[in-house]
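So that the names make sense, note that chain A is the first sequence line, chain B the second, and so on, each numbered from 1.
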Number of protein chains: 2
Amino acid sequence: MKNKEIQELRIKDYFIQATKDILKSEGIKAISVRNISDKAGYSYATLYNYFKDVNDLIFLCVSDFQAECLTFVKKQTKGIPNGREKIKALALSYINYFLEYPGIFELFYISRVGDFNNKQSIISLIDKSLDSVCESDWNYCVSHNQIEMENLEFFKSQLKLSTVGLLLFYLNRLTPPSYSEFISHANKQTDDLLGLIFGKQGAVEDNGSKNPQVQNSFISINIK
Amino acid sequence: MKNKEIQELRIKDYFIQATKDILKSEGIKAISVRNISDKAGYSYATLYNYFKDVNDLIFLCVSDFQAECLTFVKKQTKGIPNGREKIKALALSYINYFLEYPGIFELFYISRVGDFNNKQSIISLIDKSLDSVCESDWNYCVSHNQIEMENLEFFKSQLKLSTVGLLLFYLNRLTPPSYSEFISHANKQTDDLLGLIFGKQGAVEDNGSKNPQVQNSFISINIK
DNA sequence: TAAAAATATTAACAATGTTAATTATATTTG
DNA sequence: CAAATATAATTAACATTGTTAATATTTTTA
């Protein structure tokens, strides 16, 4: 009975891959049972032999995307020294990831996908998404006495709300109305927040070229 | 030709009222052309004689709700002295409004409703929604030298991102997973943020009863 | 190879937004 | 007031959606 399981997992994966492809390229609006099944090479009803419904399937993509996001961000911020600058770079790079794949932002934060009854682990993954990206650097800052341990949870939460909020307003409401305005706003907002958090100690001047790597990374990405 | 216009406006309003009713009671998921038209007392196709499409109609509700929200918040925070405490109360009451009407939060911040081509004024209204609620108190704080003018835009933006972010995670992802946890988190997060913004000057102790009016207002509202 | 089990597909349903064709109503004109 | 016209409202129809039930096909087992 081992072959059965392997084959079943393989077929499930065809559907998952198809779903991921559509989410990354066209977003949730393009997701449909027939569309997914077409790409997977099966008839539409076959999907129901492997998944409870389409929401089930969609949620299975989250952990893959989170892993991909982590890789993306680590690569883009490689070489930046630990601490405040690194955290800023990580947050901005995190934003970059979702600018490149707005459909994944929808999946993580926007889409109301069925009921969340037995999806608690996925919900939790999403909630900790940015934290897990920044974790080691927050710890670095605490152990180097740059921030106080007792404030850590508040700081993490605030950075999360700010980062996701920025994306929400831009991707969902086109505020600010242009890409360049958004980039500049996200930069300033994140920098100012970290300035507040780190109490100006170790602050860098606001001359717009303080973080060339991340600045560049922003420029190198174009969204439609 | 004046009667024509009056009558047309009246009928349009039947549809708008029906749409508002559904949004407030059942949320966007319950919105449909046939549902709206039923409630308005017309056949489904009649809607298209008065509105380009259903998105057009939905967007027309935004300004009404914003006005209602403002009234709600002002009433709930009446008597709280100007300044930091008032701003906290306003933000928490703003949260209260959307806890009571999750469908309106969806409309304001979540729903991707058609293209935003000629909807710029509504987008802008949404963007300034919380600012307009807090405007006079921010000004009060600046004129009383509690915060610096040059930081004002950053502070406003941060409070907006934090407040909307809190609602997004709770209403959309059930994080934190219970109402009471959310209330306590929203309270602490908002208070801590304002602590950071106001640089601890005029801070109140974190004993959980510092703001009885707003605390009460939270308790008095129950969401399903 | 034939019967049984597992898997995949087509047919069908109800609900959706939207348009075209048709009917009912109101308004203008003789 | 009656006939012609313009306006408004409704029904019919279509394409698309998620999902289930009824079939058809393939694979496994005896």
Exercise. Contact class for Tyr50(A) vs. all strands (heavy atom < 4.0 Å): base, sugar-phosphate, or nothing?
Worked result: sugar-phosphate
For this session: Look at Ser43(B) and dA9(D) and indicate whether a side-chain polar atom (N or O) is within less than 4.0 Å of OP1 or OP2.
Result: no
For this session: Give one of base, sugar-phosphate or nothing for Leu47(A), where a contact means two heavy atoms less than 4.0 Å apart.
Result: nothing
Distance-only check: which donor-acceptor pairs under 3.5 Å involve side-chain atoms of residues 33-41 of chain A, not counting sequence neighbours?
from     : atom 1 : to       : atom 2 : distance (Å)
Asn35(A) : ND2    : Ala30(A) : O      : 2.7
Ser37(A) : OG     : Val33(A) : O      : 2.8

Exercise. Does NZ or CZ of Lys12(B) fall inside the cone over Tyr50(B)'s six-membered ring, less than 6.0 Å from its centre and within 45° of the axis?
Worked result: no
For this session: Report the distance from atom CD1 of Ile11(A) to atom C1' of dA6(C), rounded to the nearest whole Å.
Result: 11 Å
List every contact pair, protein side and nucleotides 14-20 of chain D side both N or O, where the distance is under 3.5 Å.
from    : atom 1 : to       : atom 2 : distance (Å)
dG18(D) : OP1    : Val33(A) : N      : 3.4
dG18(D) : OP2    : Val33(A) : N      : 3.0
dG18(D) : N7     : Arg34(A) : NH1    : 2.7
dG18(D) : O6     : Arg34(A) : NH2    : 3.3
dT19(D) : OP2    : Tyr48(A) : OH     : 2.8
dT19(D) : O5'    : Tyr48(A) : OH     : 3.2
dT19(D) : O4     : Arg34(A) : NH2    : 3.3

Seminar exercise, completed: Asn49(A) CG to dA5(C) P, in whole Å, measures 18 Å
Seminar exercise, completed: Ile6(A) CD1 to dT27(D) P, in whole Å, measures 17 Å
Exercise. Expressed in angstrom and rounded to an integer, what is the separation of Glu8(B) atom CD from dT7(D) atom C1'?
Worked result: 11 Å
Seminar exercise, completed: Those residues at least two apart in sequence (or on a different chain) that pass side chain to side chain donor-acceptor pair (under 3.5 Å) with Asp64(A) are Lys20(A)
For this session: Identify whether the distance between the nearest side-chain nitrogen and carboxylate oxygen of Lys188(A) and Glu153(B) falls below 4.0 Å.
Result: no
For this session: Assess the pair Phe169(A) and Tyr109(B): is the distance between their ring centroids shorter than 6.0 Å?
Result: yes
Exercise. Taking the six-membered ring of Tyr101(B), is the NZ or CZ of Lys24(B) close enough (under 6.0 Å from the centre) and on axis enough (within 45°)?
Worked result: yes
Problem set entry | Nearest-Å distance for atom pair CD/C1', residues Gln7(A) and dA8(C) | 14 Å
Exercise. Which part of the nucleic acid, if any, lies within contact of Ile36(B), taking any heavy atom under 4.0 Å across all strands shown: a base, the sugar-phosphate backbone alone, or nothing?
Worked result: nothing
For this session: Starting from P on dT18(C), measure out to CG on Leu57(B) and report it in whole angstrom.
Result: 11 Å
